[in-house]
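Just so you know, these numbers use all the heavy atoms, side chains as well, and skip hydrogens, waters and symmetry mates. Keep in mind that what you see is a predicted model, and the values were worked out from it rather than measured.
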Amino acid sequence: MAVGPDGLTDYERKMNSQQKCNNFMRQFRDDESRELKKLTANQFMEVWSHYDADGNGYIEGSELDGFLKEFVSSVNTNDSGSESVSDTMLAELKECFMEAYDDNQDGKIEIRELAQLLPMEENFLLLFRFDNPLDSSVEFMKIWKAYDKDNSGYIEADELKNFLRDLLKEAKKDQDVSEDKLIEYTDTMLQVFDQNKDGKLQLSEMAKLLPVKENFLCRSVFKGASKLTKEDIERVFALYDRDNNGTIENEELNGFLKDLLELVKKDYDALDLQEFQDAIMRGCDFNKDGKINKKELTMILLALARHGTEEEAQPGAGGVVGANPLAEIASIGMKALKLQKLRVRHFVNRTLGANSTTTS
């Protein structure tokens, strides 16, 4: 039987091909070194789509077990499948793997977490900004407004391509990326992050592509009003008042409200944010200047912390949000405003009554 340039017969080559089909990850390993080859953007998307079988944006449960088994057993050239990984080995592997790569500790793997594990071509890896997350949502909203050129409330394909071009230019100033590569990256990023498959990125989808270091409002200190100190409020105010002018406004306000909205709503667009802003400002913007000052921020944070205390007091809630804390914040603001008006009215009536008695 004839032997080819690779030293294999047609039969051996066919058997190797079948084995690679049985183990999806095997096709991405080098035949000699058995190391994973650098994946292109399209190959990375193939891996993700294969293991995220239900398309929910996570590799979890049996999907995660299947990935780990095939990831390990693909090193071996002559096993027929993932059954070579025992249940005991899988349990140990899973524990180590999740400790290393499950950054948010939710028990499942997101696409950004998988991208840290698999070797990829350098330019594509840069797009995930692992070493350079944004400091705050204020920066995110500035970038959002800069690239949403038509103010449609979405980042469309051309706008996303311009964003990726600038991102790579900033990261690699001495090297241009070809137009074909940019189109490939844009298509891949849309496949990855466009969860509702409408061909563009809404606000929450773009936030996953361009994450911030942390949502400061998720810290435990805001889950109990008794724990909230003046220093905590000062720290939050300084985080969002980036120009130090004494108020939270414009992109600063958008960034603060985005973080607030994310506490209860994971899937949102620009219209959701605008409607939420209108509701919050109606309830909390006492002087009606379209900005948030320190006193107004204090009221919002105290309402948020009080809601956190009530949640902790309800056993068996399982982390499910009951009453909407955002609606509650707006409601508290309206009540406070009405109470303020009542006090003024009472003062006026009392003063007028006293004057009337004196006159008599």
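- Asp150 and Ser152 share a side-chain donor-acceptor pair at under 3.5 Å.
- Leu160 and Tyr154 are members of different hydrophobic clusters when ILVMFWY side chains are connected at heavy-atom separations under 4.5 Å.
- Evaluation of the ring-ring contact (aromatic ring centres under 6.0 Å, His included) test over residues 252-271, restricted to residues two or more places apart or in two chains, returns Tyr240-Phe256.
- Distance alone, capped at 3.5 Å, places no donor-acceptor pair between the Lys258 side chain and the Leu253 backbone.
- Glu70 and Met25 get closest at one heavy-atom pair: O-CB, 3.9 Å.
- By the 6.0 Å and 45° rule, Lys294 stacks over the aromatic ring of Phe237.
- For the pair Gln195 (side chain) and Glu205 (backbone), a donor-acceptor distance under 3.5 Å is absent.
- Between the side chain of Glu249 and the main chain of Lys291, no donor-acceptor pair closer than 3.5 Å is present.
- Distance alone, capped at 3.5 Å, places no donor-acceptor pair between the Asp180 side chain and the Glu184 backbone.
- Donor-acceptor pairing under 3.5 Å is recorded for the side chains of Asp278 and Gln274.
- Taking both residues in full, the closest heavy atoms of Lys200 and Asp198 are given as O-OD1, 2.8 Å, listed atom of the first, atom of the second, then distance.
- Nearest heavy-atom pair, Pro133 versus Lys213, reported as atom, atom and distance to 0.1 Å: CG-CG, 3.7 Å.
- Counting non-hydrogen atoms of other residues, nucleotides and ligands closer than 6.0 Å to NZ of Lys197 gives a total above 12.
- Between Phe67 and Leu117 there is a side-chain heavy-atom pair separated by less than 4.5 Å.
- Proximity of a side-chain donor or acceptor of Glu251 to a complementary backbone N or O of Lys142 within less than 3.5 Å is not detected.
- Remark: Gln277 engages Asn254 in a side-chain hydrogen bond (donor to acceptor under 3.5 Å, both in side chains) (not counting sequence neighbours).
- Side chain of Arg112 to main chain of Phe128: a donor-acceptor pair is present (N/O by atom type, distance under 3.5 Å, no hydrogens or angles).
- When all heavy atoms are compared, the tightest approach of Met141 to Gly255 is CG-N, 3.6 Å.
- For Glu156 and Lys149, the salt-bridge test fails: no basic side-chain N is under 4.0 Å from an acidic carboxylate O.
- With Glu170 contributing its side chain and Leu167 its backbone, the two residues share no donor-acceptor pair below 3.5 Å.
- Separating the NZ atom in Lys208 from the CE atom in Met189 is a distance of 14.0 Å, to the nearest 0.5 Å.
- Without hydrogens or angle criteria, Glu262 side chain to Asp259 main chain gives no donor-acceptor distance under 3.5 Å.
- Of all heavy-atom pairs between Tyr185 and Ala41, the closest is CD2-CB, 3.9 Å.
- Leu271 and Met206 fall into different hydrophobic clusters, where Ile, Leu, Val, Met, Phe, Trp and Tyr are joined by side-chain heavy atoms under 4.5 Å apart, directly or via other members.
- Asp272 places a side-chain N or O within 3.5 Å of a backbone atom of Asp269 that can act as its donor or acceptor partner.
- The shortest non-hydrogen separation linking Gly107 to Asp102 is N-OD2, 2.8 Å.
- With sequence neighbours left out, the side-chain hydrogen bond (donor to acceptor under 3.5 Å, both in side chains) criterion links Asn215 to no other residue.
- When only modelled atom types and interatomic distance are considered, Asp232 and Thr229 share a side-chain donor-acceptor pair under 3.5 Å.
- Annotation: side chain of Phe124 is not in contact with side chain of Leu39 (no heavy-atom distance under 4.5 Å).
- Aromatic ring pairs are classed by plane angle as parallel below 30°, tilted from 30° to 60° and perpendicular above 60°; the pair Phe24 and Phe28 is perpendicular.
- No donor-acceptor pair under 3.5 Å is formed between the side chain of Asn162 and the backbone N or O of Asp166.
- One hydrophobic cluster, built from ILVMFWY side chains closer than 4.5 Å, cannot hold both Tyr58 and Tyr51; they sit in different ones.
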